[in-house]
Amino acid sequence: MKKRIVLLILGVAYIGLFALLLLSLMQISFLGGTPGKWKAALGTLVIGIPWLIVLRLYIYVKESSPPAEADQTRALGHEIFETIMSGYGLTGRESEIAWLLYRGYTNRQIGEELFIAETTVKKHVSHIYEKTQVSGRKEFRAKVNESPH
């Protein structure tokens, strides 16, 4: 919930700063004479830099944290998860990826976390699904949560 509020605030700030930036750029074209254009150009920079910062923050918040649904699955500890997964014959790397899958990470986030390519993550995920006999993330989480601890 907090993530959504932060994204909403950043989104509104982004739109507001973008509108101000456009107005400032339009002002440059309408002003006559060099002194007026310099002031408008400086104003554009003053608005443009925070606009870029807000954009970068929005992207960071959007991509860096696991989805909200992952918060519900964190009740299962890593040790219990490893015990459950040990019965499926996963390799060490597949176990690492399975844990991050369970926590709600995207393939991209898993790749960034483990310093591997997203295509490599996809291959490991498909092996995990085959070994656990599931077809997707939700089914995987459900199967892990339903396993006797």
Side-chain angles (χ1 to χ4, degrees), residues 1-29 39-149:
M1 186 62 154
K2 291 178 184 178
K3 179 180 174 182
R4 287 184 183 175
I5 293 170
V6 170
L7 287 173
L8 177 67
I9 291 168
L10 288 171
V12 170
Y14 175 82
I15 292 169
L17 286 169
F18 185 74
L20 287 173
L21 185 63
L22 285 178
L23 287 172
S24 184
L25 288 171
M26 286 174 33
Q27 187 179 14
I28 290 174
S29 63
K39 286 180 184 177
L42 182 61
T44 302
L45 278 175
V46 167
I47 296 169
I49 292 171
W51 174 71
L52 289 172
I53 291 170
V54 167
L55 174 62
R56 180 63 188 120
L57 284 172
Y58 182 88
I59 292 169
Y60 177 78
V61 170
K62 183 83 173 161
E63 294 182 357
S64 68
S65 56
E69 64 193 61
D71 293 339
Q72 300 166 356
T73 62
R74 288 198 181 138
L76 187 61
H78 189 261
E79 292 173 8
I80 295 171
F81 178 84
E82 286 294 322
T83 304
I84 293 169
M85 289 290 103
S86 65
Y88 292 105
L90 300 180
T91 65
R93 186 56 116 181
E94 287 170 349
S95 293
E96 289 177 287
I97 291 171
W99 172 244
L100 296 175
L101 268 177
Y102 177 74
R103 292 184 59 207
Y105 282 66
T106 64
N107 289 350
R108 182 178 181 182
Q109 290 171 328
I110 292 169
E112 289 173 357
E113 182 82 14
L114 301 177
F115 304 104
I116 57 176
E118 191 172 346
T119 54
T120 305
V121 173
K122 288 178 185 177
K123 193 68 173 169
H124 283 302
V125 169
S126 68
H127 291 158
I128 293 165
Y129 289 168
E130 286 174 25
K131 290 178 179 182
T132 58
Q133 299 175 346
V134 297
S135 60
R137 292 175 193 277
K138 287 184 180 181
E139 192 177 341
F140 175 73
R141 280 192 210 112
K143 187 166 194 159
V144 172
N145 286 333
E146 290 170 3
S147 297
H149 315 345

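In this chain, numbering begins with 1 at the start of the sequence shown.
Here H78 contributes atom NE2 and M85 contributes atom CE; the two are 11.0 Å apart, rounded to the nearest 0.5 Å. A distance of 6.0 Å separates CG of L100 from OH of Y105, quoted to the nearest 0.5 Å. Interatomic distance, T106 OG1 to E113 CD, rounded to the nearest 0.5 Å: 11.0 Å. Rounded to the nearest 0.5 Å, atoms CG (L57) and CG (L7) are 10.5 Å apart. Considering CD of E130 and CD1 of I128, their distance stands at 10.5 Å, rounded to 0.5 Å. Rounded to the nearest 0.5 Å, atoms CD1 (I5) and CG (L8) are 8.0 Å apart.
Between the side chain of E139 and the main chain of S135, a donor-acceptor pair closer than 3.5 Å is present.
Checked for salt-bridge contact, R108 and E112 meet the test: a charged N lies under 4.0 Å from a carboxylate O.
A tilted orientation is assigned to the rings of F18 and W51, their planes being inclined by 30° to 60°.
A pairwise comparison of heavy atoms in V144 and F81 identifies CG1-CD1, 3.7 Å as the closest pair. In terms of heavy atoms, S95 sits closest to L90 at OG-CB, 3.7 Å. Across I97 and I110, no two heavy atoms sit closer than the pair CG1-CG2, 4.0 Å.
A 4.5 Å side-chain heavy-atom check between Y129 and R137 finds at least one atom pair inside the cut-off. The shortest distance between side-chain heavy atoms of N145 and Y102 falls below 4.5 Å. The closest side-chain heavy-atom distance from K143 to Y88 is below 4.5 Å.
Contacts of L55 classified as side chain to side chain contact (heavy atoms under 4.5 Å, CB included), with partners at least two apart in sequence or in another chain: Y14, I59. Evaluation of the side chain to side chain contact (heavy atoms under 4.5 Å, CB included) rule for T91 yields R93, E94, K131 as partners, not counting sequence neighbours.
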Please list every donor-acceptor pair under 3.5 Å in which a side-chain atom of residues 115-124 meets a protein atom from a residue at least two apart or in another chain.
none

